[in-house]
Each structure stands twice: as C-alpha cells, then as structure tokens.
Protein chains: 2
Amino acid sequence: MLVVDDDPQLRRALRITLRAAGFDVVTAEDGRTALAEAAAAAAHPDLVVLDLGLPDLDGTEVLAGLRPWFTGPVVVLSARGDSSDKVGALDAGADDYVTKPFDMAELLARLRAALRRGTADPGQAQVVTDHFTVDLAAKQVTVDGVPVRLTPTEWALLSELVRNPGRLVGQRELLQSVWGPAYERETNYLRVYLAQLRRKLEPDPAHPRYLHTEPGMGYRFLKDPPPPVG
Amino acid sequence: MLVVDDDPQLRRALRITLRAAGFDVVTAEDGRTALAEAAAAAAHPDLVVLDLGLPDLDGTEVLAGLRPWFTGPVVVLSARGDSSDKVGALDAGADDYVTKPFDMAELLARLRAALRRGTADPGQAQVVTDHFTVDLAAKQVTVDGVPVRLTPTEWALLSELVRNPGRLVGQRELLQSVWGPAYERETNYLRVYLAQLRRKLEPDPAHPRYLHTEPGMGYRFLKDPPPPVG
DNA sequence: GCCGGGCGTCAGGATCCCGTCAAGACCACC
DNA sequence: GGTGGTCTTGACGGGATCCTGACGCCCGGC
C-alpha cells in the first residue's frame with residue numbers, strides 16, 4: 001500500500017495505524033516520488049492513498065499518471081469537500097474520496113471495502129494512439145491491431161516514455177530506470193533502442209511522429225502528434 | 001439499477017435523475033420488496049442503492065440478505081453519519097456510504113466509480129479455447145472433449161496463466177504464486193512445467209499457440225490465438 | 001570552409017535465455 | 001520393501017537478445 005501525503009505528521013499517523021492494521025506501507029511526500037514508488041517493480045502497491053494537495057504536482061495529475069497502468073484501487077484524501085472536486089477526482093479514476101479531517105476507523109473500513117472489491121477493470125490500462133496501442137497492464141503492444149513483440153529492454157524503455165505522455169524524459173532519467181544508475185553516461189544505448197522502437201512502432205521510422213528526440217536533453221512521447229507534413 | 005428508499009419524494013427524485021443519467025432504474029420502498037426485486041431474474045440489477053432507514057427491515061439486514069449472492073456494488077445511503085455506522089455498513093459488504101443530505105452530482109460520480117470497477121465478475125469459472133477447456137471451479141481440463149490429468153504443480157501454473165488471459169504474467173509472479181517467495185530465481189522450474197503443459201494441451205507443442213513465451217519477462221496465455229501459419 | 005558534438009544506422013560477436021532430456025530424490029500407497 | 005507418480009536438479013544446443021564500435025549525417029560555432 002502506498003500512502004502519498006505532504007504532511008509529515010499525518011503521514012506518520014497513517015503509517016503507524018495502517019501497519020497496525022496489517023498493511024504493508026510505503027510512503028511518499030510528493031507526486032513525483034509517488035509515481036516513481038508506484039512504478040518501482042519491487043513495490044507495486046495493491047492500493048494507493050492519495051492526498052490531492054501536494055507541493056509539486058496537482059493530485060489529479062498524479063492520478064492521471066497512475067491510471068493508465070495502475071489497476072488497483074486509489075482512495076483520495078482531500079481537505080476540499082466541494083462536490084465538484086469530488087466528482088472530478090472520482091471521474092478521473094479514484095475509487096473513493098475522503099475529506100479531511102476524517103475518522104481513522106472510517107478510512108480503514110473504506111480501504112477494506114476498496115481492497116475487497118479487487119482491481120479495476122484491465123481495459124482501462126491502455127495508452128492509445130492513432131497508430132498503435134500500449135497496454136501497460138498486459139504488457140502488450142499492438143500496431144494496427146497486430147500484436148508486436150518487444151524485448152525486455154525495449155519494453156522497459158517504452159513504458160517509461162508512455163507513462164509520461166507529452167513530458168520530456170531526460171536521458172539520465174531513462175538510462176537510470178532502464179539500465180540502472182551505473183549507466184547514466186551510455187547515451188548510445190538510447191539511440192540504439194529508440195531506433196528499434198521506432199522501427200517496430202512508427203509508421204515511418206525515419207520521420208518519427210510519436211517518439212521524438214530532444215537533442216541533448218532526452219526523448220518525448222506524444223500521444224496525439226500533429227499530422228505528418230505531406 | 002435498484003433504488004431502495006422509503007421516502008417517496010427522494011425515490012422519485014432519484015428515479016428521475018438516474019434515468020436522465022442513462023441508468024435503468026427499478027425502485028423499492030422497503031426491505032422485503034427490495035430483496036424480492038433484486039432476486040427477480042428479470043431485473044437482476046447491476047448496482048443497488050440502499051437506504052439504511054427502512055420501515056420493515058434494518059438496512060444491514062437487507063445488505064446481509066443481498067450479499068451472499070449479489071456480486072455487484074451496493075451504495076448505502078443513510079441519514080446517520082456516525083463513524084461506527086459507516087464502518088458497520090462497509091464491513092457488512094457495502095461498497096460506498098453516502099450520508100444524507102447528499103449532493104446529487106457526487107452521488108452520480110460515486111455510482112459511476114462503483115460501476116467502473118466492473119461487477120467483480122467472479123470470473124467465468126470456465127475458460128474455453130478452440131482446442132481445450134479449463135474449468136477453474138472443477139479443476140478439470142479437457143482437450144477436444146477428453147479429460148486430461150494434470151499434476152498439482154501443473155494445475156497451479158496453468159490456472160495462474162488462464163486467470164489472466166492475454167496478460168503477460170512475469171516469471172517472478174508465477175514462481176511466487178506457485179512455489180512461494182523463496183523460489184523467485186528458479187526460472188528453470190517454469191521451463192520444465194511449461195513444456196509439460198504444452199505437451200498435454202497444445203496441438204503442436206513445438207509451436208505453441210496458446211501458451212506463449214516472452215523471453216526475459218514471462219509467459220502469456222492467449223484464449224483466441226491467430227491461426228497457425230502454413 | 002573546417003571542426004566537433006550529438007544523433008541515427010548497421011553489423012558482428014559475447015552473453016543470456018529458453019526448450020529439451022534424463023537421472024536422481026522424494027513421497028504415498030500398496 | 002516395492003512401485004508408480006511427482007518434483008527437483010543439472011547439462012546441453014540453438015536461438016534470441018544485448019552490448020559495442022564504426023560510420024555517415026546534420027547542425028552550430030569558429
């Protein structure tokens with residue numbers, strides 16, 4: 001179980017209470033580390049408790065970053081009790097919405113209920129473009145409906161990019177998460193594997209539409225690229 | 001969708017709003033008719049909205065009467081906001097708990113969230129392919145109608161794969177659920193038993209159609225594989 | 001015009017991984 | 001004590017995958 005909240009005191013209280021209730025708890029204090037923690041293969045939480053008021057990212061952004069691939073329940077905490085906030089979070093993929101201050105016994109009951117119901121339907125965990133589809137839960141890529149085989153390295157690289165649609169992912173960031181911290185300088189690995197991914201996914205690998213290079217910086221995945229220039 | 005409430009005015013308001021939102025609505029005004037309506041084969045609601053304050057039965061009794069067989073989500077309405085009431089209802093099998101008075105937009109969002117998670121489809125206990133059938137409840141496998149004997153280990157492995165059709169199941173995941181966490185590195189177990197399963201199930205074990213290997217990652221069961229080449 | 005950095009491409013060889021087979025260990029039952 | 005079935009373990013060959021270095025291209029700076 002991953003608990004995301006910026007208030008150290010509440011984080012501590014939640015950690016203690018949830019551990020006492022028999023849950024395995026990992027915490028994060030901002031949106032970036034939350035997404036990193038959730039994606040860490042070792043942790044792979046079964047449930048996420050997410051505070052909406054985070055210092056770096058809006059809570060709904062974290063939710064959006066989580067939902068493409070995370071199929072477990074997400075319970076949102078928030079100090080804001082407006083109906084529109086609740087509707088927004090629930091429709092963005094949250095499974096429950098609890099306003100602060102909350103009763104701990106109630107939160108525990110809601111977590112039990114969320115876990116009991118099990119995982120979200122797997123169909124949602126897809127990133128779809130006009131030309132190919134990446135199913136992050138099933139680890140499957142289809143181009144024009146035809147399944148395409150990716151090697152482990154290709155998959156690790158692609159999923160890292162696809163989980164951040166539109167965002168520039170630095171080369172160091174990519175190298176670190178795919179090959180490990182010791183390979184931060186091997187930028188040629190990226191060149192080789194990006195080329196392979198483009199060969200397998202892009203309609204015209206020589207003129208990539210979805211997997212863009214930002215020279216000197218990194219790479220960027222675009223879900224809805226502008227149409228090719230003629 | 002079945003709406004249970006004794007207040008005619010609220011019942012009417014809910015019926016109108018929910019119908020406008022595209023739901024199929026049936027109503028009941030007390031616990032007995034609610035249980036009867038829910039059980040009526042024709043209706044068989046996908047979701048139940050249940051008021052706890054009913055004239056004849058306690059709401060929790062209705063919940064208890066529903067839960068043994070009803071697998072869809074139950075959203076509880078109640079005028080009582082005590083934490084203990086909420087905990088009791090949630091632990092009795094409710095999926096969400098909304099206190100009156102409530103905001104209609106919020107209720108709708110919560111209903112959508114409850115429905116989105118899918119009706120926890122208890123997984124059709126039968127997985128059928130063109131060539132063999134796996135009965136998860138009866139622990140029985142038939143190939144072309146002929147029963148096939150599987151060893152306990154083979155069965156554990158197969159059921160783990162078959163429960164996730166189309167999804168890539170990691171080797172660590174498989175090893176952990178079949179042999180236990182201490183065996184996460186014994187990938188040769190998988191090789192041996194996958195070979196045995198293929199010998200017993202695949203029409204051509206040398207060219208598997210249903211039990212696919214994803215090198216370096218895991219295995220994938222395909223329910224509807226493309227026809228064999230040549 | 002020259003130069004260097006960054007990128008895409010290609011191909012070859014080392015390495016890892018998988019399928020296969022078979023022999024031994026273990027267990028339950030007879 | 002014997003027997004059959006099941007599970008482990010090791011070894012081997014073939015193939016896929018990964019790493020690596022070399023080359024040419026583009027572009028901006030000098």
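Note on naming: letters A, B, ... go to the chains in the order of the sequence lines (proteins, then strands), and numbering restarts at 1 for each one. Below, all heavy atoms of this structure are taken into account, side chains as well, without hydrogens, waters or symmetry copies.
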Rounding to 10°, can you tell me the angle the first-five-pair axis of the helix from C:dG1-D:dC30 to C:dC30-D:dG1 makes with its last-five-pair axis? 30°

Calculate the interatomic distance between A:Glu186 atom CD and D:dT20 atom P; express it in whole Å. 6 Å

Determine: side-chain N/O of B:Trp179 to OP1/OP2 of D:dC7, distance under 4.0 Å, yes or no. no

With salt bridge (charged side-chain N to carboxylate O under 4.0 Å, His left out) as the test, pick out the partner of A:Glu154 among A:Lys200, A:Arg199, A:Lys139. A:Lys200

Any donor-acceptor N/O pair, A:Arg185 side chain to A:Arg172 backbone, under 3.5 Å: no

Neighbour count >12 (heavy atoms, 6.0 Å) for atom CZ, A:Arg12: no

Rounded distance in Å - CG (B:Leu157) to P (D:dC7): 11 Å

Provide the start and end nucleotides, 5' to 3', of the part of DNA chain C that has atoms under 4.0 Å from heavy atoms of chain A. C:dG6 to C:dC10

What does the list of N/O pairs under 3.5 Å between the protein and nucleotides 12-16 of chain D look like, with a distance for each?
none

Whole-Å distance, A:Asn188 CG to D:dC19 P, equals 10 Å

Report the C-alpha separation of B:Tyr193 and B:Trp179 in whole Å, then their side-chain angles, then the decisive distance to 0.1 Å, and conclude whether the ring pair (Phe, Tyr, Trp, His ring centres under 6.0 Å) test is met. CA-CA 12 Å; B:Tyr193 280 95; B:Trp179 282 274; 5.7 Å; yes

Note: A:Gly166 and A:Leu222 closest approach over all heavy atoms is CA-CD2, 4.1 Å

State which residues pass salt bridge (Lys or Arg N to Asp or Glu O under 4.0 Å) with B:Glu214; sequence neighbours excluded, sorted by chain then number. A:Arg149, B:Arg220

Expected output is a numbered-order residue list: members of residues 193-214 of chain A with a heavy atom under 4.0 Å from any atom of DNA chain C. What is it? A:Ala195, A:Arg198, A:Arg199, A:Thr213

Relative to the ring of B:Phe132, is the ring of B:Phe221 parallel (under 30°), tilted (30 to 60°) or perpendicular (over 60°)? tilted

Using a heavy-atom cut-off of 4.0 Å across all strands, would you classify A:Tyr219 as base, sugar-phosphate, or nothing? sugar-phosphate

Can you measure from CG (A:Asp6) to CG (A:Asp30) and round to the nearest 0.5 angstrom? 9.0 Å

Using side chain to side chain contact (heavy atoms under 4.5 Å, CB included) as the criterion, point out the one residue from A:Val48, A:Leu18, A:Val26 that pairs with A:Met1. A:Leu18

For A:Arg19, give me all partners under salt bridge (Lys or Arg N to Asp or Glu O under 4.0 Å), at least two apart in sequence or on another chain. none

Can you measure B:Leu175 atom CG to D:dC7 atom P for me and round it to whole angstrom units? 15 Å

What is the distance from CG of B:Leu150 to C1' of D:dG5, rounded to the nearest Å? 14 Å

Nearest to the side chain of B:Tyr189 - D:dC7, D:dT17, D:dT9? D:dT9

Are there more than 12 heavy atoms of other residues, nucleotides or ligands under 6.0 Å from atom CZ of A:Phe102? yes

Separation of A:Glu160 CD from A:Gln176 CD (nearest 0.5 Å): 10.0 Å

Using atom types as modelled and distance alone, determine if a side-chain donor or acceptor of A:Glu202 lies under 3.5 Å from a backbone N or O of A:Arg209. yes

